[in-house]
Amino acid sequence: MTGQGPVESQAEITRRYDRIAPLYDLYDAPMERLGTLRRRRRLVSQARGTTLEVGVGTGKNLEHYPQDVQLVGIDVSEGMLKRARRRAKRISAPVDLDLADIQQAPFADDSFDTAVATTVFCSVADPVAGLREVARVVKPGGRVLLLEHVRPRNALLARLFDALNPITRNVFGFNINRPTEDNVVAAGLELEDVRREGVWREIVATVPQDRTEP
């Protein structure tokens, strides 16, 4: 599929995130001020019940969850998790934080009411496989809340993003040209609502009640 980019091992991506973990919040700060923080708050506030955050990173979402959510966070990068654990302790956030890869999620079927991921599936090696695992561990009828940047619809911008993507992937570990809306559907999830602002997508999807393997 156009925009998926070359297949790359998750180990290579994880090494990049371990490398940039000490500076991640600093380099991401401009994007936060330009709207990412507002979007994350709006999305995360919709979590309900037992919730899995995929790619918890440095824990920037922790303070924005409703107080009655039972939260589990996973990430492939131990460097990022160290910072998330410090943040959780500092703000007294009740969360279990574990090292895990969503492509091989260590949870039983139907374990969660909600799953959340903010700017994560741009860096999962096989995003459809990861989203299928999300669909497996969330209960039928449960919600999947995603914030992602995607390949532009404008043909000229799309080609520009394709050209720049090797740089962002090799330096930072993420792709800027993923067709994430299509990937969500390919993984067997149902789109409930999509908020589109430029290349940004706030996606609310649900796990079908009659879930079958896509």
Side-chain angles (χ1 to χ4, degrees), residues 1-24 27-28 31 36 40 43 52-61 72-84 97-109 111-112 115-138 144-152 158 161-189 191 199-201 203 205 207 213-214:
M1 180 181 295
T2 300
Q4 290 292 74
V7 175
E8 188 174 31
S9 77
Q10 191 63 49
E12 292 173 303
I13 297 167
T14 299
R15 280 195 292 272
R16 293 189 189 112
Y17 276 95
D18 280 333
R19 185 181 69 237
I20 67 173
L23 299 175
Y24 183 83
Y27 99 79
D28 197 45
M31 294 303 297
T36 307
R40 289 194 297 104
L43 191 78
L52 172 67
E53 181 170 347
V54 179
V56 69
T58 62
K60 290 193 291 185
N61 288 331
V72 175
I74 63 171
D75 204 284
V76 295
S77 166
E78 183 60 44
M80 300 291 263
L81 281 172
K82 286 179 181 177
R83 283 151 184 81
L97 294 168
D98 299 302
L99 187 69
D101 183 348
I102 191 55
Q103 295 167 109
Q104 297 174 316
F107 306 107
D109 295 358
S111 293
F112 300 96
V116 174
T118 60
T119 62
V120 170
F121 284 96
C122 56
S123 56
V124 174
D126 186 337
V128 174
L131 287 163
R132 284 175 178 157
E133 279 289 85
V134 169
R136 178 184 67 79
V137 302
V138 173
V144 178
L145 309 174
L146 306 174
L147 172 63
E148 294 289 342
H149 50 80
V150 300
R151 190 173 190 262
F161 274 48
D162 289 343
L164 293 174
N165 193 65
I167 298 172
T168 64
R169 187 181 65 245
N170 292 328
V171 175
F172 300 109
F174 62 84
N175 296 270
I176 59 173
N177 64 345
R178 288 260 169 98
T180 302
E181 284 185 65
D182 294 339
N183 289 343
V184 169
V185 175
L189 294 162
L191 291 175
V199 299
W200 288 98
R201 300 291 183 272
I203 298 171
V207 177
E213 287 295 322

Less than 4.5 Å apart, any side-chain heavy atom of [X] and any of [Y]?
X: Val150; Y: Trp200; result: no
X: Phe121; Y: Asn183; result: no
X: Leu81; Y: Leu99; result: yes
X: Val184; Y: Leu131; result: yes

Could you give the distance from [atom1] ([X]) to [atom2] ([Y]), rounded to the nearest 0.5 Å?
X: Phe161; Y: Asn175; atom1: CZ; atom2: CG; value: 12.5 Å
X: Arg19; Y: Tyr24; atom1: CZ; atom2: OH; value: 14.0 Å
X: Arg178; Y: Ser123; atom1: CZ; atom2: OG; value: 7.5 Å
X: Arg40; Y: Thr118; atom1: CZ; atom2: OG1; value: 6.0 Å
X: Arg83; Y: Asp75; atom1: CZ; atom2: CG; value: 11.5 Å
X: Leu191; Y: Asp182; atom1: CG; atom2: CG; value: 9.0 Å

Quick one: closest heavy-atom pair of [X] and [Y], and the distance?
X: Leu43; Y: Leu147; value: CD2-N, 3.5 Å
X: Ala205; Y: Leu189; value: CB-CB, 4.2 Å
X: Arg132; Y: Ala186; value: NH2-O, 3.6 Å
X: Leu52; Y: Ile102; value: CD2-CD1, 4.4 Å
X: Val137; Y: Ala105; value: CG1-CB, 4.2 Å
X: Gly57; Y: Ala84; value: O-CB, 3.3 Å

Exercise. Between Gln10 and Gln103, is a side-chain hydrogen bond (donor to acceptor under 3.5 Å, both in side chains) present by the stated rule, with each step listed?
Worked result: CA-CA 9 Å; Gln10 191 63 49; Gln103 295 167 109; 3.0 Å; yes
For this session: Run through Asn177, Asn165, Thr180, Asp162 and flag the one making a side-chain hydrogen bond (donor to acceptor under 3.5 Å, both in side chains) with Arg151.
Result: Asp162
Problem set entry | Lys/Arg-Asp/Glu bridge criterion (N-O < 4.0 Å) met for Glu181, Arg201 | yes
Under 3.5 Å: donor-acceptor pair, side chain of [X], backbone of [Y]:
X: Glu12; Y: Ser9; value: yes
X: Asp18; Y: Gly79; value: yes
X: Thr168; Y: Phe174; value: yes

For this session: For the pair Glu53 and Asn61, evaluate side-chain contact (heavy atoms from CB on, under 4.5 Å) and give the outcome as yes or no after the intermediate values.
Result: CA-CA 9 Å; Glu53 181 170 347; Asn61 288 331; 2.9 Å; yes
